[in-house]
**Student:** 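Once you've had a glance at the structure underneath, I'll fire off some questions.
For clarity, every value in this text was computed on a predicted model and none was experimentally measured. The residues of the chain are indexed from 1 along the displayed sequence.
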Amino acid sequence: MKRIFGTISDLILPAIIFAAVMAFLVSASFLGRIGKRMEGKTEDFSDMADTAAIGVLCEREEPRIRCVGKRVWNVGEILSIPEIFHAVDTDGGNLSVTVANIIDQNGDSVMDCYHKQKQEAVFSKKGAYTFFLMAMDKERKSGTEIVSVLVDGR
């Protein structure tokens with residue numbers, strides 16, 4: 001019985017290993033062929049009208065924001081945002097400027113000094129204030145600018 005079991009195990013173990021190696025090779029070949037069949041055709045979208053339109057929009061320059069008013073203000077003086085900051089788009093059209101945030105010299109937000117409806121800021125303490133400004137053109141291209149002003153009581 002021992003001898004029969006030993007002879008059979010000498011045949012079965014190599015047969016199992018051979019079958020496993022063959023299954024691996026066949027499946028690798030089979031999966032490679034399936035993968036080649038699944039490759040789809042690629043399309044070239046560069047000649048389409050939408051691609052050209054998106055290209056024009058992406059190449060469009062963002063609006064430029066500049067400070068045209070003075071940079072030193074008195075404590076309690078009203079800073080009118082439309083009068084101080086101007087934004088111009090690529091075509092030369094005027095845009096409205098939006099105040100995203102105002103921080104003081106300590107890095108704290110002082111948006112409570114800004115009246116959004118009137119677009120005015122009034123600072124009750126002297127210091128350096130940094131405006132984070134944004135403008136958006138008709139093509140929805142936005143430009144940002146960071147401008148600092150000084151509020152001093154002298």
**Student:** With rounding to the nearest 0.5 Å, note down the distance linking CD1 in I78 to CD in Q119.
**Tutor:** 14.0 Å
**Student:** Any chain of hydrophobic side-chain contacts (each under 4.5 Å) joining F123 to V147?
**Tutor:** yes
**Student:** Count I, L, V, M, F, W, Y as connected when their side-chain heavy atoms are under 4.5 Å apart, and connections chain through other members. Are I146 and I102 then in the same cluster?
**Tutor:** no
**Student:** Transitively linked via ILVMFWY side-chain contacts under 4.5 Å: V110 with L133?
**Tutor:** yes
**Student:** What do you reckon, is CD of E83 surrounded by more than 12 foreign heavy atoms closer than 6.0 Å?
**Tutor:** no
**Student:** Side chains of V99 and F85: closer than 4.5 Å at any heavy-atom pair?
**Tutor:** no
**Student:** Quick one: does V97's side chain get under 4.5 Å of P82's, heavy atoms only?
**Tutor:** no
**Student:** Measuring only between side-chain heavy atoms, which start at C-beta, is K141 closer than 4.5 Å to D89?
**Tutor:** no
**Student:** Are more than 12 heavy atoms, taken from residues, nucleotides or ligands other than L150, located less than 6.0 Å from that residue's CG atom?
**Tutor:** yes
**Student:** With a 4.5 Å heavy-atom cut-off, do L79 and Y129 have their side chains touching?
**Tutor:** no
**Student:** How many angstroms lie between atom OG of S96 and atom CE of M136, to the nearest 0.5 angstrom?
**Tutor:** 9.5 Å
**Student:** Got V72 and V149 here, is their nearest side-chain heavy-atom distance under 4.5 Å?
**Tutor:** no
**Student:** Nearest 0.5 angstrom please: R71 CZ to I84 CD1, how far?
**Tutor:** 10.5 Å
**Student:** Search all heavy atoms of S142 against all heavy atoms of P63 and return the closest pair with its distance.
**Tutor:** C-CD, 3.7 Å
**Student:** Are L95 and I65 linked, directly or through other ILVMFWY residues, by side chains that come within less than 4.5 angstrom of each other?
**Tutor:** no
**Student:** Which atoms form the tightest heavy-atom contact between S109 and N101, and what is the distance?
**Tutor:** OG-OD1, 2.8 Å
**Student:** State, yes or no, whether a side-chain contact exists between D91 and K138 at a heavy-atom distance under 4.5 Å.
**Tutor:** yes
**Student:** Side chains of E145 and F132: closer than 4.5 Å at any heavy-atom pair?
**Tutor:** no
**Student:** Identify whether F24 and V21 are in the same connected component of the hydrophobic contact network (ILVMFWY, side-chain heavy atoms under 4.5 Å).
**Tutor:** yes
**Student:** Report the distance from atom CZ of R60 to atom CZ of R140, rounding to the nearest 0.5 Å.
**Tutor:** 13.0 Å
**Student:** Does atom NZ (K70) have a neighbourhood of more than 12 heavy atoms from anything else shown, all under 6.0 Å?
**Tutor:** yes
**Student:** One thing to verify: whether K125 and D104 come together as a salt bridge, which I'm taking to mean a side-chain N less than 4.0 angstrom from a carboxylate O.
**Tutor:** no
**Student:** Checking V75 against D152 for the side chain to side chain contact (heavy atoms under 4.5 Å, CB included) test, could you report, in this order, the C-alpha distance in whole Å, the side-chain angles of both residues, the deciding distance, and whether it holds?
**Tutor:** CA-CA 6 Å; V75 174; D152 197 3; over 6 Å; no
**Student:** Should the heavy atoms of other residues, nucleotides or ligands under 6.0 Å from CD of E61 be counted, would the total exceed 12?
**Tutor:** no
**Student:** Taking C-beta and beyond as the side chain, do F131 and I81 meet within less than 4.5 Å on heavy atoms?
**Tutor:** yes
